[in-house]
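Beneath this line is the structure, given in structure tokens, with notes to follow.
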Amino acid sequence: MSSLVPTNAQPVATDLRAAEEPRGQGDGKVELADVWRILWHRREWIFGTVGILTFCALLYTLVTPSIYSATVQI
């Protein structure tokens, strides 16, 4: 009968203390510099998403017919 574990499998070393504590000071606080760093590294995704949603809104505005129209007579 064959084993489900491959013969070249290595045991996984786990350090539970490292997994419990967040990076940095270890008190769970998030620095503003960390937030800016994350946003800066993901700027392509952010600008891309904003661009796609803006394009979709513009396209919807141009394609959708007007429901109401107003006229003024003086």
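Note that the coordinates shown come from a computational prediction; the quantities given were computed from them, not determined experimentally. Hydrogens, waters and symmetry mates play no part in the numbers below; they use all other heavy atoms, side chains included.
- The structure places CG of D34 at 11.0 Å from CG of L39, a figure rounded to the nearest 0.5 Å.
- Taking the centre and axis of the six-membered ring of W40, the NZ or CZ atom of R37 falls outside the cone set by 45° and 6.0 Å.
- Both W36 and I46 sit in one connected hydrophobic cluster of ILVMFWY residues. Membership requires side-chain heavy atoms under 4.5 Å apart, directly or through other members.
- Atoms CG and CG, from L53 and L58 in turn, are 12.5 Å apart once rounded to the nearest 0.5 Å.
- Connection of I38 to F47 is not established within any shared hydrophobic cluster, with ILVMFWY side chains joined at heavy-atom distances below 4.5 Å, either directly or through further cluster members.
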